[in-house]
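Note sheet for the following structure.
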Amino acid sequence: MAKKSVDDMSFLDHLEDLRWHLIRSTIAILIFGIVAFCFPYILFDLIIFAPTEMNFQTYEWLCHMSQSLGINDTTFCADRLPFDMQSRQVGSQFSARIWTSIYAGFIIAFPYIIYQLWKFISPGLKRNERKYSRGFIVVSSLLFFIGVLFGYYVITPLTINFLANESISDKIFNDFDFGSVISVVRSSSLASGLMFQLPIVIYFLTKVGLVTPKILKKYRKFALVIVLIISAVITPPDLTSQVIVAVPILILYQVSIFISRIVVRNQERKERKVKA
């Protein structure tokens, strides 16, 4: 039976097509999740819990930077972070292993998920648009992984270090539930990866006419306030950490304006050719 063209497909046909793309993406996540589940030492000891040790690369770099600036009394140069981890529920470790494996499966399978998304929307694109949009899989995946690394090596250690050293009394010792530590690593890395998709989102919003460079420039001041609020929410409440997080987001916003300008310029050029 011949496959229906996009014009011949009904709304239910599109839903059926979307369902199969979602199923394939879910299967990819589960496969990579199972692989991650089979290697708990790599997943937890070498990756998830690495930012809880003072030999983590970010702490060593911040320690060297602090010493070079003449700041000797810093938490980044301590021997260990002042907290231990515990498990307070019978099945919490097994549950954390499952859910962390699924998160890892999603991160690893992200390029395939983006590919399935492209497969769903590409039939509705023109031939030249389909040709140039193939690069979006590579660009989107690259931005996502850069964002994940930024969240893991910057946001996560800053957050853990600050919260571990926060104390209202010497009588209280930090004895964190290990699940809360895992949650910080997972949410910081994944949220940062998705946040770095901003240029891709702006590109498609510009393509459909919902966003223009003028709008992005007009609301840049409001965007700055929102970025600072986001930075304050996902990082410790100190100025240095917020600046470290805010700068890349602002750069992404500026890159998004540049991308939007290119899209609008190409659309105007095509319109002039059609009129000519």
Side chain to side chain contact (heavy atoms under 4.5 Å, CB included) evaluation trace for Val35 with Phe39
CA-CA 7 Å; Val35 174; Phe39 297 94; 4.2 Å; yes
Yes or no on side chain to side chain contact (heavy atoms under 4.5 Å, CB included) for Val264 and Thr206, after CA distance, side-chain angles and deciding distance?
CA-CA 7 Å; Val264 171; Thr206 305; 3.7 Å; yes
Heavy atoms only: give me the nearest [X]-[Y] pair and the separation to one decimal.
X      : Y      : answer
Ala96  : Arg186 : O-NH1, 4.3 Å
Val184 : Thr156 : O-OG1, 4.1 Å
Asp177 : Ser87  : OD2-CA, 4.5 Å
Ile47  : Tyr152 : O-OH, 2.5 Å

When you group the ILVMFWY residues by side-chain heavy-atom contacts below 4.5 Å and let the links chain together, are [Y] and [X] in the same group?
X      : Y      : answer
Ile23  : Ile113 : no
Leu30  : Ile108 : no
Phe76  : Met65  : yes
Leu142 : Phe258 : no
Leu46  : Leu81  : yes

Taking the side chain from [X] and the backbone from [Y], do they hold a donor-acceptor pair closer than 3.5 Å?
X      : Y      : answer
Ser187 : Ser183 : yes
Ser188 : Gly151 : no
Tyr59  : Pro51  : yes
Ser256 : Leu252 : yes
Ser101 : Ile34  : no
Tyr112 : Arg24  : no
Asn165 : Asn161 : yes

So Tyr203 and Ile200, side chain to side chain contact (heavy atoms under 4.5 Å, CB included) or not? Walk me through it.
CA-CA 5 Å; Tyr203 171 81; Ile200 302 296; 5.5 Å; no
First locate atom [atom1] of [X], then atom [atom2] of [Y], and finally report the distance between them rounded to the nearest 0.5 Å.
X      : Y      : atom1 : atom2 : value
Gln116 : Lys119 : CD    : NZ    : 7.5 Å
Ile107 : Phe144 : CD1   : CZ    : 5.0 Å
Ser260 : Phe204 : OG    : CZ    : 13.5 Å
Ile262 : Ile257 : CD1   : CD1   : 12.5 Å
His21  : Glu16  : NE2   : CD    : 10.5 Å
Thr75  : Glu166 : OG1   : CD    : 11.0 Å

Test ring-ring contact (aromatic ring centres under 6.0 Å, His included) applied to Phe83 and Phe49, Phe176, Phe178, the passing residue
Phe176
Pairwise side-chain contact, Leu62 with Leu158, heavy-atom cut-off 4.5 Å (strictly under):
yes
Tell me, do Leu216 and Tyr253 make a side-chain contact under 4.5 Å, heavy atoms counted?
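A side-chain contact under 4.5 Å exists here.
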Do other residues, nucleotides or ligands put more than 12 heavy atoms under 6.0 Å from Tyr103 OH?
no
Answer yes or no: are there more than 12 heavy-atom neighbours, outside Phe173 itself, under 6.0 Å from its atom CZ?
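Yes, enclosed.
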Taking only residues at least two apart or on different chains, which pairs with a member in residues 77-106 satisfy disulfide (SG to SG under 2.5 Å)?
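As it turns out, the disulfide (SG to SG under 2.5 Å) pairs with a partner in residues 77-106, which skip direct neighbours, are Cys63-Cys77.
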In chain order, what residues pass the side-chain hydrogen bond (donor to acceptor under 3.5 Å, both in side chains) check against Gln197, with sequence neighbours excluded?
Ser140
Step through it carefully: locate the ring centre of Phe196, locate the ring centre of Phe145, and say whether they are under 6.0 Å apart.
no
So, for Phe110 and Phe32, is the gap between ring centers shorter than 6.0 Å?
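No, they do not, as the ring centres are separated by 6.0 Å or more.
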